[in-house]
Amino acid sequence: MTRTARLELPFLGAAGLGLLAVAVGAFVAPVHVLHAHLTAFATVLTIVLGMLFFVMLQHVTDAGWSVVPRRWAELVLAALPVMALAFLPLLVFLPHLWHWADPSITAGDPLYAIKSPYLNVPFFVVRAVVYFAIWILLALRLRGGSLRQDETGEAALSFGMRRLSAPGLILFGLALSFASVDWLMSLDYHWFSTIFGVYVFAHAVLAALAVLNLCAVGLGRGALRGTVTADTLHDLGKLTFTFAVFWAYIAFSQWFLIWYGNIPEETGWMLARGHAPWLATIVAVVVGLFVVPFVVLMPAAAKRRPRILVAVSVVILVAHWLGMVWLVQPSLYPDGLPLHLVWIDAGALLLVGGVAGWWVIRRARGRALAPLHDPRRHEAAGHDLSGAAHG
Amino acid sequence: MAEVLSPAREPLVDGDKSYHDVTEDICRPLEGRPTPLWWGGITLSSLMLLAGAVAVGYQCLVGIGTWGLNRTVGWAFDITNFVFWIGIGHAGTLISAVLFLFRQRWRTSVNRSAEAMTIFAVMCAGIFPLIHMGRPWLAYWVLPYPNERGPLWINWRSPLLWDVFAISTYFIISFTFWLVGLLPDFATLRDRAKTKTRKALFNVLSLGWSGSVRTWQRYELVYLLLAGLATPLVFSVHTIVSFDFATSVIPGWHTTIFPPYFVAGAIFSGLSMVLTLMLIARKVMRLEDYITKRHVGAMCKLIIGMGGIVGLAYGTEFFIAWYSGNAYEKFVFANRAMGPFAWAYWTMVTCNVVTPQFLWFKKIRENFLLVFLLSLLINVGMWFERFVIIVTSLHRDYLPSSWADYSPTSIEILTLVGSFGLFFTAFLVFCRFLPVIAMAEVKGVLGYARRQANEKAYEKEGAPS
């Protein structure tokens, strides 16, 4: 796997560059660095969690077509401990990000008085530990089990992972929902929206699929030539299309119901994100996460073209990051992100993404990039589209 | 034709059927005389339908003052039934369209009857808003056609109007999809017909199906396109229904999670109704070889999944009601769990959250009697879910002086009974005259076709370990 080893360097380089930007930024605009880091953390973590969901979904549905892409998602799961480390600096500077932890702001706030049993520092930390424990344990079992199967060839490992994935999805859903409330929704601790966890989930799966598309095209030209076929791209493209629509559906539902209901306690959050620069941001996000994938990936032929799939996936990933900026930064900058400081945001993303990516590739050294003994691997290798119609 | 399938997969159809066996098994009951069981069933369901028809006639003559509604509870039994029936339909579209796009082969044995169920359920649902209009003979006023009534014009900002379009679209697409799926089977029935009229009838219904490669190719393309068009409807219809409530500012109704939560609940209730129907049809029509433990198991697993989403939504609603710090939100949820309708609330939680958990066990999934009973419980639970959402959010509003109670009148109950009568009558008539299993599709998943494909695939690289 020397090919993948060669990828380690660019990721490390990116991380180094990011570190430099963040270090300089810490002197220029320290609070901005914190928000930029939370944005980058949320951007990368949601991608990794999207992968975790993808792996469990494939196990639970006993899917044959996705055996090969599932392996790439499994390899990405190695990034979870890195993400837990990336969370630590946020904990240190907690009150600067989450104002409910700042007594000078919450003093005399009756709403905080009601919410304090949930929104307090010790419980917040305990919950974060629980979320990461759930994700990391699931990842260890799913990544480890699949890699062990490469050596032992036991089909029983697959059945074990399927059994784990069903309850695993429940734990995943709970952890992701509450983590979204804790880390993103409570940035404005007055605001609430029941669909918010689903919104973050939609972001996560769509972005993860975009990364899988990039892997598919990259590996299909390199290490996995012949294993990754146009059919693999087609199937991944269809799922990408599906989740682009799903994201739009959830995003629309949230916006529309808040707009129609027009109750001040809900509209505040939307209004803060719905004027001038932030409006432009969310429009760009809608274009990137919905309009582009929807229009471009509609024809069957487009999904099978590596170049088109790569272009759409890059657009999705940029929009995914912008979407996270839109969730996080308005709580610091109600009037729009100061454009002369955007390099800090970019630097934070390079740092978190670079370290996570480097670690994933390092841990993938010597591992097969397609499962060797999955009992359904023949279906993946031989799967064709004649079954899409009647068959 | 068939894909490569792992040897780890169990066959979908039991009994090592040949293509001819399938045709015989499915067509023979349509060509003979109905069984006494069928006569018994249709007698009962027609009587229910008749009772409902009488109740509906009475309501039209006297007015909807015959219902138990009052100033505070302006929506109750009728809307509950409407949402219940609309929800039932969703599993049909899920199975026929979404699972088709996901290439889930097990859908072939159940999709035909699930789609039929959708159509009948939408018909049942349509009755309730129609009656609630008070003057059903003026129902066409909701349609945007040029008229001379001046400023009297439908309210585009009302989600109730969007319902009109969502549901009529849903009905048209579901019906078209069902008819298109029936084409090759109509042709089979035509080819087997003994009388001239029967032959002519099925020839027209099959649109003169010739069975040529070109016909098949076009047919499959149309089917795929229709599946793609029907898929958004699984989401849009119940999303619009959820907007009926969520666009208001009533605590318990206005919450952003309603659209996906309603959709998941609809699929959940629909799947349990499919199970209820299929487990009966399986016994009555002797389809044991076609609807096997794999089909039932797959549907049970989908029910667990959808039940999980519904459970997560219940939990989220409750948590956010507290987290919001809004006194009215909090009150509505406390009132649901501990107020006068607590019995309905706990029936809902027990049936919808606890019941599906039994299906985690393979032993239970393979015990069809238990699965049948559990599916009935989920049907009950999902009816109560809508009742709880609608009535408990209304009956104690902001002003304690206007708090009121609600109980349905016998007329309302009879109307519900009538809708069940319509549903089962329609379903029994369908079972009698049309093939309940998509023969052409089941033939594609028989072990015979599969073995051949696998042998070819493994010839090259040796059998898998």
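Each chain gets a letter, A, B and so on, in the order its sequence line appears, and its residues count up from 1.
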Practice problem: Specify which of A:Y260, A:W259, A:Y189 makes the most heavy-atom pairs with chain B at under 4.5 Å. | Solution: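 Going by pairs under 4.5 Å, I would pick A:Y260.
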Exercise. Output yes when a side-chain donor or acceptor of A:S193 lies under 3.5 Å from a complementary backbone atom of B:T256, and no otherwise.
Key: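 No, A:S193 side chain to B:T256 backbone: no donor-acceptor pair under 3.5 Å.
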Is it the side chain or the backbone of [X] that comes within 4.5 Å of chain B heavy atoms, both, or neither?
X: A:I250; result: side chain
X: A:Y249; result: side chain
X: A:W191; result: backbone
X: A:S186; result: both
X: A:N262; result: neither
X: A:P110; result: neither
X: A:A155; result: neither
X: A:F178; result: side chain

Quiz item: Heavy atoms under 4.5 Å from chain A: which residues of residues 227-241 of chain B carry them?
Solution: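 The residues closer than 4.5 Å to chain A, in numerical order, are B:F235, B:T239.
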Practice problem: Sort out for me which of B:A246, B:S248, B:G308, B:P260 touches chain A most, counting heavy-atom pairs under 4.5 Å. | Solution: B:P260
Quiz prompt | Between B:K301, B:R157, B:E317, B:Q217, the one whose heavy-atom pairs under 4.5 Å with chain A are most numerous | solution =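 Answer, by heavy-atom pair count under 4.5 Å with chain A: B:R157.
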Quiz prompt | B:F319 side chain near A:V181 side chain, heavy-atom distance below 4.5 Å | solution = yes
Quiz item: Got B:T247 and A:F256 here, is their nearest side-chain heavy-atom distance under 4.5 Å?
Solution: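 When only atoms from C-beta onward are counted, A:F256 and B:T247 do touch, with a gap below 4.5 Å.
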